[in-house]
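One structure is given here, and the rest of the page talks about it.
All heavy atoms count here, side chains included; hydrogens, waters and symmetry mates do not.
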Amino acid sequence: MAFKVFEKGSAPAPTIPTVTIQKRGMFSLNDAAFRLIGEPEGVQFLWDGDAKLIAIQGVPLTTPNAYPTRRQGPGKDTKRGIVLIAGAMFTKFIGIDTSVAKRWVPRLEDGMLIVDLNEPSQTVASTRRRADESPTEEKTGEQDE
């Protein structure tokens with residue numbers, strides 16, 4: 001027999017840090033990943049093209065090339081939930097395919113989240129539906145985390 005693992009496509013345990021590159025280049029960090037870098041008001045993206053590594057470093061918003069972090073969740077003063085970071089220009093610059101959302105478990109190195117694009121990623125399936133889709137059609141891409 002040739003068994004295959006069923007890939008459920010849902011978010012891992014909230015204690016495991018994850019970084020998702022959503023369709024069209026938006027980055028999302030879960031709460032565990034965001035806390036690892038100190039819950040900064042902004043981040044910088046760094047790229048090692050030879051090793052295919054993305055680094056996400058927390059910085060003040062006044063830093064040149066800083067991208068603001070935006071918490072998503074119930075209420076304006078939420079302290080939990082995913083954090084979104086606009087990253088479309090960065091993903092285009094490094095040439096990564098963003099036609100399907102993918103998730104990685106990053107490592108912390110020198111205060112930065114390191115996403116190794118050589119490591120296997122998890123494809124993220126969407127639970128959202130557009131108005132023009134029927135309830136039986138499935139859509140892949142960004143996931144409501």
Side-chain angles (χ1 to χ4, degrees), residues 1-75 78-130 133 135-145:
M1 277 191 227
F3 288 101
K4 287 182 138 182
V5 172
F6 170 70
E7 296 181 21
K8 65 181 183 168
S10 65
T15 56
I16 298 171
T18 61
V19 173
T20 303
I21 301 177
Q22 299 179 3
K23 281 179 76 171
R24 296 176 294 283
M26 180 73 73
F27 280 69
S28 63
L29 281 59
N30 71 352
D31 189 58
F34 193 54
R35 281 188 277 120
L36 280 177
I37 57 172
E39 302 181 61
E41 62 182 347
V43 299
Q44 290 186 125
F45 293 112
L46 296 93
W47 171 242
D48 181 335
D50 294 332
K52 290 193 163 190
L53 300 174
I54 294 172
I56 301 172
Q57 179 180 42
V59 296
L61 277 178
T62 55
T63 303
N65 303 311
Y67 287 81
T69 58
R70 295 180 291 134
R71 280 257 192 209
Q72 302 297 299
T78 185
K79 298 290 183 193
R80 299 206 147 243
I82 66 165
V83 174
L84 295 178
I85 306 160
M89 288 176 54
F90 175 69
T91 58
K92 187 174 183 176
F93 170 75
I94 67 173
I96 188 172
D97 176 16
T98 60
S99 62
V100 176
K102 295 182 180 179
R103 178 181 296 125
W104 288 266
V105 175
R107 67 179 185 268
L108 186 66
E109 191 173 296
D110 297 327
M112 299 181 290
L113 289 177
I114 307 296
V115 177
D116 187 341
L117 299 181
N118 300 300
E119 294 290 320
S121 64
Q122 179 183 22
T123 300
V124 180
S126 177
T127 57
R128 295 181 190 175
R129 282 198 185 91
R130 294 189 324 236
E133 290 179 314
T136 58
E137 290 177 321
E138 263 188 69
K139 178 181 165 193
T140 59
E142 301 159 346
Q143 174 164 348
D144 297 334
E145 294 181 352

d(Glu39 CD, Leu36 CG) to nearest 0.5 Å is 10.0 Å
Looking at side-chain heavy atoms only, is the closest gap between Leu117 and Leu53 below 4.5 Å? no
So the ring-ring contact (aromatic ring centres under 6.0 Å, His included) pairs with at least one residue in residues 93-114 (sequence neighbours excluded) are none
When you measure from the side chain of Asn30 to the backbone of Ile16, do you find a donor-acceptor pair of N or O atoms at a distance under 3.5 Å? yes
Please walk me through it: do Glu41 and Leu61 pass side chain to side chain contact (heavy atoms under 4.5 Å, CB included)? CA-CA 6 Å; Glu41 62 182 347; Leu61 277 178; 3.8 Å; yes
Who pairs with Leu84 by side-chain contact (heavy atoms from CB on, under 4.5 Å), at least two apart in sequence or on another chain? Gln22, Met26, Ser28, Arg70, Gln72, Ile82
Side chain proximity check, Ile114 to Leu108, heavy atoms < 4.5 angstrom: no
Could you tell me if the side chain of Ile37 sits less than 4.5 Å from the side chain of Met112, heavy atoms only? no
Kindly state each residue pair satisfying side chain to side chain donor-acceptor pair (under 3.5 Å) with at least one member in residues 43-64, sequence neighbours excluded. Gln44-Gln57
Compare every heavy atom of Thr15 with every heavy atom of Ala32, then report the nearest pair and how far apart it is. CB-O, 3.8 Å
For Arg35, what residues pass the salt bridge (Lys or Arg N to Asp or Glu O under 4.0 Å) criterion, not counting sequence neighbours? Asp31
Sequence neighbours excluded, which residues qualify as side-chain hydrogen bond (donor to acceptor under 3.5 Å, both in side chains) partners of Asp116? Asn118
Listed partners of Phe90 passing ring-ring contact (aromatic ring centres under 6.0 Å, His included), at least two apart: Phe45
Would you say the side chain of Pro40 lies within less than 4.5 Å of the side chain of Phe34, judging by non-hydrogen atoms? yes
Shortest non-hydrogen contact from Val115 to Pro106? CG2-CB, 4.2 Å
Sequence neighbours excluded, every pair satisfying side chain to side chain donor-acceptor pair (under 3.5 Å) that has a member inside residues 81-98: Asp97-Ser99
Beyond-backbone contact of Val19 with Ile56, side-chain heavy atoms, under 4.5 angstrom: yes
How about Arg103 and Ser121: do any of their side-chain heavy atoms sit closer than 4.5 Å? no
Atom CD1 in Ile85, atom CG in Leu29: separation rounded to 0.5 Å? 4.5 Å
Which atom names give the shortest non-hydrogen contact between Ala66 and Val59, and what distance separates them? CB-CG2, 3.8 Å
